Amino acid sequence: MADRYLRFTGTAPGRFLTRRLGLPQPAPLKRWSAQRPTLEGDRLLLTAGKSDLDLAAADPGLGLTASSDKPAAVVLDATGVRDVETLADVHTALHPVVRSVAASGRIVVLGAPLDAADHHQAAAQQALEGFTRSLGKEIGRGRTVNLVRLTDARAAESTLRFLLSPKSAYISGQVIEVGPGEAGPAAGTAPDRPLAHRTALVTGAARGIGEAIAETLARDGARVVVLDVPQAEQDARRVAERLGGSALVLDITAPDAVERIAAALPDGLDVLVHNAGITRDRRLVNMPAERWSSVLDVNLASVLRTTDTLLTSGAIRRGGRIVATASIAGLAGNAGQTNYAASKAGIVGLVRSLAPRALAEHGVTVNAVAPGFIETKMTAAVPLFIREAGRRMNSLAQGGLPVDVAETTAWLADPGSGSVNGQVVRVCGQSLLGA
Ligand SMILES: NC(=O)c1ccc[n+]([C@@H]2O[C@H](COP(=O)([O-])OP(=O)(O)OC[C@H]3O[C@@H](n4cnc5c(N)ncnc54)[C@H](O)[C@@H]3O)[C@@H](O)[C@H]2O)c1
């Protein structure tokens, strides 16, 4: 279902009228395309406090510059902010340039982990979070603001590249933590095909977000396996054929599902994307047990089962990536969705608990994406009024597209993202729901 309001506000009379009425002003977002792979313009580097971060280690990949009149992006290195006095440098650095950041531009604030032994440093660093989320809400014109907590610029290179690119168009107001020291992609890997020679399995990939994920991972060089239910067989085969991959037709809740996945991938796999999901909405007072169990089974129990078996059997190779799909409903809660929100919050628990062990024991990262309102068949079925509210109630005043979730998944799946682990990344345009 097309967003007609977004189109209307893109016209001169539409802009005039909606401004006069004080209505939301969604800006058309600049997304990645082969013709426009980067945001055109400078990437300005500013510093607050005295930083020890070796950003040059992540450059020249990032191409940061010390001055610019109209930057497409600003990186503010605030890792050296240790107290309220140096926190003032954040204001000093950004206040003069924030107006000049181009439409659909980026502000990325770099912060340090909170120091448990220094509450002044912790206060000042936590302050960056409130700052980032507030600036994200007020900056407008399709511009985004995110905070990356890091200790090692080299380890954060894939994350900074992603956040500074058009691929992160629908991510704003988020805090991402990047751990220390994992090496980047192996030498000789083509930068625009980071997943070459890798196999990715995407569940629920016959349509919607899953199809976009399969397409984006294939663009990045992966051989994709498109898994979906027998009712969606035709679509699954069509997607697989278009992407030069293969289809695997099965219900992930079937008792033999994991065995069949393992049998279809005798050489193992590198990227496992748990995307299949269903909703069966009803308020708890009216919810039969079957609605509860079917949602929990597809969205959570099958994810736990497949992850356990494929991880412990070694089917997911070292350097592998698991990306699961949560939802902002799982973070904020939603009336009529006790079953769905429980299942998606369960994904968050799974990711946070398993991530450190999976990396230590198997060399595999585990992260989640948490989509907000994304334009798909699932959301097209939502009643008009609620759909409109879902689209506008975020800092970018529009719904996201499946490709926004797909690009986020591709960044997490990147061999260079080995230091991004245990994260739940919201792809929600900074929805007003939840944190
Ligand atoms: N669309 C949104 O706004 C939104 C928001 C938050 C989270 N999500 C989550 O993103 C994921 C994809 O959502 P979508 O909007 O593309 O949904 P969709 O309904 O368009 O697609 C889901 C796909 O999963 C498949 N599937 C369902 N049950 C399955 C099973 N048992 N075995 C194998 N495949 C199965 C379906 O056949 C379908 O192809 C879901 O996990 C959903 O909960 C979506």
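Since this is a predicted model, take the numbers as computed values, not measurements. Each ligand, and each atom within it, is numbered from 1 in the order the structure gives.
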side-chain hydrogen bond (donor to acceptor under 3.5 Å, both in side chains) partners of [X], counting only residues at least two apart:
X	answer
T38	none
R36	none
E388	R391, R392

Worked verdict on T409 versus T216 for side-chain contact (heavy atoms from CB on, under 4.5 Å) | CA-CA 9 Å; T409 305; T216 305; over 6 Å; no
Give the protein residues with at least one non-hydrogen atom closer than 4.0 Å to an atom of ligand 1, ordered by chain and number.
-> G204, R207, G208, I209, L227, D228, V229, L250, D251, I252, N275, A276, G277, I278, V298, T325, A326, S327, Y340, K344, P371, G372, F373, I374, T376, M378, T379
Determine yes or no for a side-chain-to-main-chain donor-acceptor pair under 3.5 angstrom, with D228 supplying the side chain and A236 the backbone.
->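 Not a single qualifying donor-acceptor pair exists.
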Applying side chain to side chain contact (heavy atoms under 4.5 Å, CB included) between L354 and each of N421, L304, V366, L359, report the one that passes.
-> V366
